[in-house]
J.: 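Sharing a structure below in structure tokens format, with a few things to ask.
Count residues from 1 along the sequence.
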Amino acid sequence: MTLAVLDVYAKQLKDNPQDYTVWLNRANEYYRHDEYMKALYDVEHALEYIPSKQTADRQRALMLRANIYIQTNRPEEALADLNDVITLDCEDFVALYQRANTLYALGRYSEAKLDYQRMLRLDSRNPEAVVGLARIAVKENNLGQAEELLEQAVSLNPNNADLYVRRASVRYETGNYKEAVADLILALATDSSNKRATAMLIECGDANYNATVSALTDAVMQAPGVDLYPYLRAVIAERNHRYKAALTDYEALIDHSPQSNRSLWRSVAGCRFALGQFEKALSAADIALAYDPNDGEAALLRARILRAMGKSEEARQQANTALYLMPDKSKALWVIGLTYVDSHDYTQSADLFAEAVAKVEDSATTQWGFLLEAWVKGSLLNLTDDATDLYDKVANIAVHNTDSKLARIYGAFGLLFGARRAKAIAAINTILSENASNPYINYIGACFYAQIDDFDKAFEYAKVALETGYANYYDWAYNNDALLNVAPLRTDLRFINLMERFKHLWSD
């Protein structure tokens, strides 16, 4: 929203503070720009001044406030407003749909079902209501009926990509990943720019890598001229630490269309770096920066590569360049701080890690900064009390962010290095049991048990991580940062033999 528009609204409200139309219009503008607290402030003023007889305006304001509550994760408040809207107009279709979805989110499935059925009575061919009933059928464990309803929903509008995404989401919920991925590919075939389909396809890749890649491979074979499918396959492979597979697709795409795919060079550099192929990674990063000298992520990746090659001074210079190119300064500050660790200037590195933390808001990212700072202060500067305070902060953040897997992982290490070993072991074991087939989580298990010198367990988790495809050779062989690594395990003969056994994961 421009300052000029805001000035107009401000002047209008100064002239007439009770002009509910202006309050409501400005609330809508704030909402469109994701400024939900400002929108809420304005819509509540609008509701204060809208006369009770102005039912249409009250409906509009209540719907806006309900949407604000939904966006800010306050479903109970949203439900109250949606009830009021439906009281004013029992056939408000959008309000019924929002209420049904809100009831579903609250786990009140029987009430949600009544609203979806009510929608169908108002519009017998509405696919959203049919998809809603399919979701309810899944919760009722009536999977056959759910499939029938999903087929019905798609048949009502087979050219609507979003319907394939919705059907995929229900199939994903039932664990039917193969059919879910097939639907998402259909959605992309219908609308190649559908962001929801792309995001969910990547989510499917995280949940079931093999099923997702198999379906994408079929799509590549059926439509060999469509770059989107091999690109998505590469992205999913990279996210799942299968860097050689990702490289095959990235480099094939570059060969197929060098100019249009020049942005892929950074991805190539990232994969080469993870595989421990630092010279090739550096060359790819140089090409990426030649195409776009202002690519901060490529500049920072180049700094990380140089540091891995033992060129810490060059890495620091490169990271300082990245610092001015990236909106998120913390990443660059961490790399600069790590170069000071390499040169044994621990006080400077600790100060930089603290500065980086002050610039971030994400919980897990904050934890990572604290872990870096605590590592330097505790292990390298012998400031034990300072380090313990930081590790306690890491653990406490995890308590309030149980939905974040990464926050919980960092929390377990915070407990461990904060001298709460028994709680740390219980926390990490819960995470490991919940993600028994996840390659990265098993790598984390290897890191955790390596740090407490339980090499038997560390070796077992390392073995599972490699068997399930964790091909990040940089992590296995070089990463020594923040005590979240397998460094203590690297001298164990079993580990050395394991690296040799699985070297096909990273060697050409």
J.: Less than 4.5 Å apart, side chain to side chain, heavy atoms only: is that true for R74 and L40?
T.: yes
J.: Ignoring hydrogens and geometry beyond distance, is a side-chain donor-acceptor pair present between Y31 and H33 at under 3.5 Å?
T.: no
J.: With distance as the sole test, does S257 use its side chain to make a donor-acceptor pair with the main-chain N or O of L253 at under 3.5 Å?
T.: no
J.: Does E434 pair with K405 as a salt bridge, N-O distance under 4.0 Å?
T.: no
J.: List for me each residue that meets salt bridge (Lys or Arg N to Asp or Glu O under 4.0 Å) alongside E203, sequence neighbours excluded, and say none if there are none.
T.: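 Once residues adjacent in sequence are excluded, E203 has no partner under the salt bridge (Lys or Arg N to Asp or Glu O under 4.0 Å) criterion.
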J.: Run through F370, W375, F417, Y410 and flag the one making a ring pair (Phe, Tyr, Trp, His ring centres under 6.0 Å) with Y391.
T.: F417
J.: Looking only at side chains, do T217 and R233 share a donor and an acceptor under 3.5 Å apart?
T.: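 Side-chain D/A pair, T217 to R233: present.
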J.: If I take atom CD from residue Q152 and atom CG from residue L149, how far apart are they, to the nearest 0.5 angstrom?
T.: 6.0 Å
J.: Is the shortest heavy-atom distance from the side chain of L325 to the side chain of T321 under 4.5 Å?
T.: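 Yes, side chains in contact.
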J.: Just wondering, do Y291 and S263 contact through their side chains at under 4.5 Å, heavy atoms?
T.: no
J.: May I have the step-by-step check of salt bridge (charged side-chain N to carboxylate O under 4.0 Å, His left out) for E297 and K331, ending in yes or no?
T.: CA-CA 9 Å; E297 292 287 352; K331 293 180 182 178; 3.3 Å; yes
J.: How would you list, by chain and number, every residue that makes a salt bridge (Lys or Arg N to Asp or Glu O under 4.0 Å) with D392, sequence neighbours excluded?
T.: R420
J.: With no hydrogens and no angle check, just 3.5 Å: does a side-chain donor-acceptor pair link Y116 and N101?
T.: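 Indeed, the side chains of Y116 and N101 share at least one donor-acceptor pair under 3.5 Å.
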J.: How about T174 and N176: does a side-chain donor come under 3.5 Å of a side-chain acceptor?
T.: no
J.: Do R135 and E140 sit within salt-bridge range, that is, some charged N less than 4.0 Å from a carboxylate O?
T.: no
J.: Could you list all the ring-ring contact (aromatic ring centres under 6.0 Å, His included) pairs where at least one residue sits in residues 190-215, not counting sequence neighbours?
T.: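 Matches after skipping sequence neighbours: none remain.
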J.: Does the distance from a Lys or Arg side-chain N to an Asp or Glu carboxylate O, for E355 and K329, drop under 4.0 Å?
T.: no
J.: Roughly how far, to the nearest 0.5 Å, is CG of L333 from CG of L372?
T.: 11.5 Å
J.: Tell me whether D7 at atom CG has more than 12 heavy atoms from other residues, nucleotides or ligands lying less than 6.0 Å away.
T.: yes
J.: Output yes when R32 and E29 qualify as a salt bridge under the 4.0 Å nitrogen-oxygen rule, no when they do not.
T.: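 The answer is yes: the pair qualifies as a salt bridge.
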J.: In terms of side-chain geometry, is the basic nitrogen of R242 or E238 positioned less than 4.0 Å from the acidic oxygen of its partner?
T.: no
J.: Between L88 and I86, is a side-chain contact (heavy atoms from CB on, under 4.5 Å) present by the stated rule, with each step listed?
T.: CA-CA 5 Å; L88 292 169; I86 294 167; over 6 Å; no
J.: Just to verify, what does Q54 make a side-chain contact (heavy atoms from CB on, under 4.5 Å) with, not counting sequence neighbours?
T.: Y20, I50, P51, D57
J.: To the nearest 0.5 Å, how far apart are CG in L156 and OG in S124?
T.: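 Answer rounded to 0.5 Å: 8.5 Å.
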J.: Looking at residues at least two apart in the chain, or sitting in another chain, which of them share a ring pair (Phe, Tyr, Trp, His ring centres under 6.0 Å) with F93?
T.: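 F93 satisfies ring pair (Phe, Tyr, Trp, His ring centres under 6.0 Å) with no residue once adjacent residues are dropped.
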J.: Flag the pair T468 / N438 as yes when at least one side-chain heavy-atom distance between them is below 4.5 Å, and no otherwise.
T.: no
J.: Could you give the distance from OG (S267) to OH (Y231), rounded to the nearest 0.5 Å?
T.: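 Interatomic distance, S267 OG to Y231 OH, rounded to 0.5 Å: 6.0 Å.
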J.: Using side-chain contact (heavy atoms from CB on, under 4.5 Å) as the criterion, list what pairs up with L186, not counting sequence neighbours.
T.: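 So L186 forms a side-chain contact (heavy atoms from CB on, under 4.5 Å) with Y164, R167, D183.
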J.: Is there side-chain contact between V130 and L150, with at least one heavy-atom pair below 4.5 Å?
T.: no
J.: Run the numbers on E173 and K139 for salt bridge (charged side-chain N to carboxylate O under 4.0 Å, His left out), then give the verdict.
T.: CA-CA 10 Å; E173 189 177 344; K139 294 299 181 183; 3.0 Å; yes
J.: Evaluate the side-chain proximity of L96 to D92: yes if any heavy-atom separation is below 4.5 Å, no if none is.
T.: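 In short, these two side chains do not touch, never coming nearer than 4.5 Å.
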J.: Do Q367 and N401 have a side chain donor and acceptor closer than 3.5 Å?
T.: no
J.: To the nearest 0.5 angstrom, please state how far the OH atom of Y97 sits from the CD atom of E128.
T.: 4.0 Å
J.: Checking side-chain polar atoms at under 3.5 Å, does Q12 have a donor or acceptor matched by the opposite partner on D19?
T.: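 No, D19 and Q12 have no side-chain donor paired with an acceptor closer than 3.5 Å.
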J.: Once you round to the nearest 0.5 Å, how far does CG of D351 lie from CZ of F353?
T.: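 One finds 10.5 Å between CG of D351 and CZ of F353.
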J.: Do we get R171 above Y177's six-membered ring, with its NZ or CZ under 6.0 Å from the centre and within 45° of the axis?
T.: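 No, R171 does not lie over the aromatic ring of Y177.
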J.: Tell me, do I428 and I444 make a side-chain contact under 4.5 Å, heavy atoms counted?
T.: yes
J.: Test side-chain hydrogen bond (donor to acceptor under 3.5 Å, both in side chains) on D84 and Q59 and set out the steps.
T.: CA-CA 8 Å; D84 287 344; Q59 279 179 251; over 6 Å; no
J.: Contact between N67 and I70 at the side-chain level, heavy atoms closer than 4.5 Å - yes or no?
T.: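 Yes, at least one pair of side-chain atoms sits under 4.5 Å.
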J.: Check step by step if side-chain hydrogen bond (donor to acceptor under 3.5 Å, both in side chains) holds for Y470 and D475.
T.: CA-CA 10 Å; Y470 193 74; D475 276 350; 2.5 Å; yes
J.: Assess, by modelled atom type and distance only, whether the side chains of D34 and Y36 contain a donor and an acceptor separated by less than 3.5 Å.
T.: yes
J.: Would you indicate whether D403, at its atom CG, is surrounded by more than 12 heavy atoms from other residues, nucleotides or ligands within a distance under 6.0 Å?
T.: no
J.: Measure across C204 and L184 and return the closest heavy-atom pair with its distance rounded to 0.1 Å.
T.: SG-CD1, 3.9 Å
J.: If the plane angle is over 60° it's perpendicular, under 30° parallel, otherwise tilted; pick one for H45 and W23.
T.: parallel
